[in-house]
Amino acid sequence: LGGDEAAPARMPFRGSSSHGFVNGFHCIGCDMQVLKVDNHIWADDVAYIFLRNNYPNVMKLRGSLCAQPSSCAYCCQCSSRSADKAAGLEQVAEGLRWKVVAQQ
């Protein structure tokens, strides 16, 4: 009812253009869209339950993110992966239940 319906889907959180959902990148395990945070990587100890409870709230997720230029931290509600910014989505998805369902 009159909320922020005009906000773009790729930018689910206010205040930053460095994170958002990746269009056409979907997890078939939890049925959620993959979220990307630029210039960050995941800490080594990211637990499934942490992602489950905090996705897609980047303010809550940031406790397990570490700043790293030229990298991206990706996650859904059940998995996470850090990758080089230049990596393609198929490479990022390797070994996970993430699928490219539509080209960007």
Side-chain angles (χ1 to χ4, degrees):
L1 296 172
D4 281 32
E5 294 179 85
R10 64 180 183 79
M11 300 301 231
F13 317 103
R14 294 183 201 167
S16 179
S17 62
S18 65
H19 57 269
F21 292 119
V22 181
N23 291 330
F25 203 26
H26 192 83
C27 178
I28 60 171
C30 64
D31 197 28
M32 296 289 177
Q33 195 170 4
V34 176
L35 178 73
K36 178 175 91 167
V37 182
D38 289 328
N39 297 312
H40 285 80
I41 58 172
W42 291 105
D44 292 333
D45 60 349
V46 179
Y48 163 84
I49 198 69
F50 175 81
L51 295 171
R52 182 91 179 146
N53 289 336
N54 296 302
Y55 168 94
N57 188 329
V58 173
M59 295 303 290
K60 291 181 179 181
L61 292 171
R62 70 182 179 173
S64 289
L65 290 167
C66 305
Q68 174 107 4
S70 300
S71 297
C72 294
Y74 294 85
C75 76
C76 60
Q77 204 172 36
C78 68
S79 301
S80 63
R81 160 109 1 117
S82 299
D84 187 89
K85 260 191 183 177
L89 294 181
E90 289 84 6
Q91 185 180 5
V92 172
E94 189 173 325
L96 298 175
R97 294 174 287 180
W98 295 351
K99 301 292 178 200
V100 178
V101 295
Q103 293 299 323
Q104 294 177 318

Q: Please identify each residue that fulfils salt bridge (Lys or Arg N to Asp or Glu O under 4.0 Å) with Asp84, with sequence neighbours left out.
A: none
Q.
Using only atom types and a distance under 3.5 Å, with no angle test, would you say the side chain of Gln33 pairs donor to acceptor with the backbone of Val22?
A. yes
(Q) Using every non-hydrogen atom in the two residues, find where Ala83 and Ala87 come nearest and quote the distance to one decimal. (A) CB-CB, 4.3 Å
Q. Does any non-hydrogen side-chain atom of Trp98 lie less than 4.5 Å from one of Arg81?
A. yes
(Q) Just so I know, are the side chains of Arg97 and Cys78 near enough to count as touching, which here means a heavy-atom distance under 4.5 Å? (A) yes
Q) Are side-chain heavy atoms of Tyr48 and Asn53 found at a separation under 4.5 Å? A) no
**Q.** Lys60 backbone acceptor or donor facing Asn57 side chain under 3.5 Å
**A.** yes
**Q.** Any side-chain donor near an acceptor of the partner, Lys85 and Asn39, under 3.5 Å
**A.** yes
Q: Quick one: pull up CG in Leu35 and OG in Ser80 and give me the separation to the nearest 0.5 Å.
A: 11.5 Å
Q. From Ile28 CD1 over to Lys99 NZ, what is the distance, rounded to the nearest 0.5 angstrom?
A. 5.0 Å
Q: Kindly compute the distance separating CZ (Arg52) from CE (Met32), expressed to the nearest 0.5 Å.
A: 7.0 Å
May I have the list of side-chain donor-acceptor pairs in residues 61-75 shorter than 3.5 Å, sequence neighbours left out?
from  : atom 1 : to    : atom 2 : distance (Å)
Arg62 : NE     : Met59 : O      : 3.4

**Q.** From Val100, Val101, Val34, residue fulfilling side-chain contact (heavy atoms from CB on, under 4.5 Å) relative to His26
**A.** Val101
Q) If two hydrophobic side chains count as joined below 4.5 Å and joins carry through other members, does Val58 share a cluster with Tyr55? A) yes
